[in-house]
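Here the structure is laid out as structure tokens; the discussion comes afterwards.
Atoms within each ligand, like the ligands themselves, are counted from 1 in listed order. Every heavy atom of this structure was used, including side-chain atoms; hydrogens, water molecules and symmetry mates were not.
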Amino acid sequence: MILLDGFKVASERNLALRTVIDQEVEKYGRAPHLAIILVGENPASMSYVKGKGKACEVAGIKHKLHALLEDVKQSEVERLIQQLNEDPSVDGMILQLPLPKHLDENHLIDLISKDKDADGFHVINQGNLYQKRPTIHPATPKGIMTLLNAYAIPISGAHAVIVGRSNIVGFPVARLLMDQGATITVCHRQTKDLRSHTLSADILVVASGKPNLVTGDMVKPGSVVIDVGVNRVDGKLVGDVDFEAAKNIAAYITPVPKGVGPMTINALLENTHELYLSHILNQRFSK
Ligand code: NAD
């Protein structure tokens, strides 16, 4: 079994990005800038935001945390997003999810300018993705594709089974895999006999948020297993796949943590860099 070491691949890519950004700072006079909006004090969200900030520092991306109180009004978050949309020094923006229940998540995501949408969640960017047009890709699916490509895993012609159909992971990763030639099956809560599907997967992507949903007997021998899940069980982080059982059956598997998580952050940085370059070019052309 080969471990798909997302931590190693992401660290190397973040450092490579640093080299490119250092040169661009010389050339264009400023670094890319990512604004991070955090509402409340959800411990998992705070730790994700910390990780994103640290990675920005490695890659030479300026980052600013906009921390709002748990009971912030919808109108206040809207105002902050508008301000950041209008601020020419900001290239990318993310709204750390999940948000407190009283906030309208979809409305707030839609308010983020599609040109500053570092997470790739905006409805126009997702629409472009589904029409196979150039766009910013959602960070986790983009990170998964980068990881598969880093290990030269053949995608064209493979049967990829995705467990989960969320707008931020399952559905877009299915699209990206299909675009690279995979035949896809998307499973979800209503899927009957999940095992019969997962057992036929050359590439199995699990993003259900259900700890150890996929057991060893659900994994096809010699397959590639991508475990997106991050669940805290008895104070320990575990994925959606029973790693100990699956690692003896799969040919490639991601660990949790240090698999998909760091790749998601790397994709976020690469998206911010892409947005920065398009802003720099637009500013140059409009002069
Ligand atoms: P979600 O709750 O929005 O979607 C879960 C999906 O799983 C749904 O489509 C649902 O139909 C499906 N599902 C749930 N139970 C199932 C079952 N028993 N059988 C088949 N399908 C089932 O979750 P999400 O936002 O897509 O996240 C999924 C997991 O990935 C979570 O653990 C989340 O924390 C993690 N995540 C990790 C990263 C990362 O960077 N590592 C990024 C995003 C999400």
Side-chain angles (χ1 to χ4, degrees), residues 3-7 9-11 13-14 36 42-55 94-99 101 105-106 109 118-121 126 129 137-148 160-177 184-201 204-215 217-219 225-233 236-243 253-271:
L3 196 70
L4 294 171
D5 191 341
F7 182 75
V9 174
S11 304
R13 293 180 71 92
N14 292 345
I36 302 174
N42 174 326
S45 295
M46 286 169 73
S47 128
Y48 290 138
V49 160
K50 206 170 146 197
K52 289 169 186 176
K54 268 190 176 168
I94 59 166
L95 182 59
Q96 184 64 45
L97 303 178
L99 294 176
K101 292 271 176 292
E105 193 169 289
N106 283 340
I109 288 172
D119 259 333
F121 292 167
Q126 293 228 333
L129 167 70
H137 289 167
T140 302
K142 175 172 171 154
I144 292 171
M145 300 308 291
T146 305
L147 189 60
L148 291 171
V161 175
I162 299 96
V163 182
R165 58 177 166 189
S166 71
N167 282 337
I168 63 170
V169 189
F171 204 41
V173 83
R175 177 72 219 197
L176 291 173
L177 284 162
I184 56 165
T185 300
V186 179
C187 303
H188 45 76
R189 264 189 206 94
Q190 283 80 35
T191 300
K192 287 182 185 152
D193 192 5
L194 184 62
R195 181 170 175 270
S196 69
H197 296 285
T198 60
L199 260 185
S200 69
L204 177 62
V205 181
V206 191
S208 66
K210 297 282 173 294
N212 297 330
L213 174 70
V214 171
T215 47
D217 64 330
M218 295 168 77
V219 174
V225 178
I226 306 288
D227 188 354
V228 186
V230 181
N231 312 287
R232 194 166 283 279
V233 177
K236 229 183 117 205
L237 283 188
V238 298
D240 293 352
V241 176
D242 178 352
F243 180 84
I253 187 167
T254 55
V256 176
K258 299 198 171 183
V260 174
M263 292 305 300
T264 296
I265 297 183
N266 168 254
L268 170 70
L269 304 188
E270 294 191 355
N271 279 349

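Distances from atom 39 (C) of ligand 1 to the heavy atoms of I265, V169, T264 show the closest one on T264. Taking all heavy atoms of I168, L237, V238, L97 into account, the minimum distance to atom 25 (O) of ligand 1 is reached by I168.
Shown in contact with V163 at under 4.0 Å from a heavy atom are these atoms of ligand 1, numbered in order with element: 20 (C), 21 (N). Less than 4.0 angstrom separates some heavy atom of G261 from each of these atoms of ligand 1: 40 (O), 41 (N). Here is the list of ligand 1 atoms found below 4.0 Å of a heavy atom in L213: 17 (C), 18 (N), 19 (N).
The number of heavy atoms from other shown groups lying within 6.0 Å of CZ (F243) is above 12.
Remark: R13 CZ to T146 OG1 distance equals 5.0 Å, nearest 0.5 Å. The structure places OH of Y48 at 9.0 Å from OG1 of T264, a figure rounded to the nearest 0.5 Å. To the nearest 0.5 Å, atom CG of residue L213 and atom CG of residue D240 are 6.5 Å apart. Rounded to the nearest 0.5 Å, atoms CD1 (I162) and CD1 (I184) are 5.0 Å apart. Note: N231 CG to N212 CG = 8.0 Å, rounded to the nearest 0.5 Å.
By the 3.5 Å distance cut-off applied to N or O atoms, D240 is not counted among the residues near ligand 1.
The nearest heavy-atom contact from the protein to atom 42 (C) of ligand 1 is T140 OG1, 3.2 Å. The protein non-hydrogen atom at the shortest distance from atom 12 (C) of ligand 1 is G164 CA, 3.8 Å. Looking only at heavy atoms of the protein, atom 41 (N) of ligand 1 is closest to V228 O, 3.4 Å. The protein heavy-atom contact nearest to atom 10 (C) of ligand 1 is R189 NH1, 3.6 Å. In this structure, atom 34 (O) of ligand 1 lies nearest to the protein heavy atom V230 O, 3.6 Å. Nearest protein neighbour of atom 21 (N) of ligand 1, counting heavy atoms only, is H188 C, 3.1 Å. Looking only at heavy atoms of the protein, atom 26 (O) of ligand 1 is closest to S166 OG, 2.5 Å. Closest to atom 29 (C) of ligand 1, if we only count protein heavy atoms, is G209 N, 3.6 Å.
Looking only at atom types and distance, the side chain of N14 has a donor-acceptor partner in the side chain of N266 under 3.5 Å away. No side-chain N or O of Q126 forms a donor-acceptor pair with one of R175 less than 3.5 Å apart.
Heavy-atom distances between A207 and ligand 1 reach below 4.0 Å in at least one pair.
Remark: atom 7 (O) of ligand 1 lies closer than 4.0 Å to at least one protein heavy atom.
The residue from D119, V228, I168, V173 that alone fulfils the side chain to side chain contact (heavy atoms under 4.5 Å, CB included) condition with T140 is V228. None of L204, V206, L194, L177 except one satisfies the side chain to side chain contact (heavy atoms under 4.5 Å, CB included) rule with V161; the exception is L204.
Panel note: side chain N271, backbone H137; a donor-acceptor pair is recorded below 3.5 Å.
Heavy atoms of K210 found under 4.0 angstrom from ligand 1 belong exclusively to the side chain. Of all the heavy atoms of N231, the ones lying under 4.0 Å from any atom of ligand 1 belong exclusively to the side chain.
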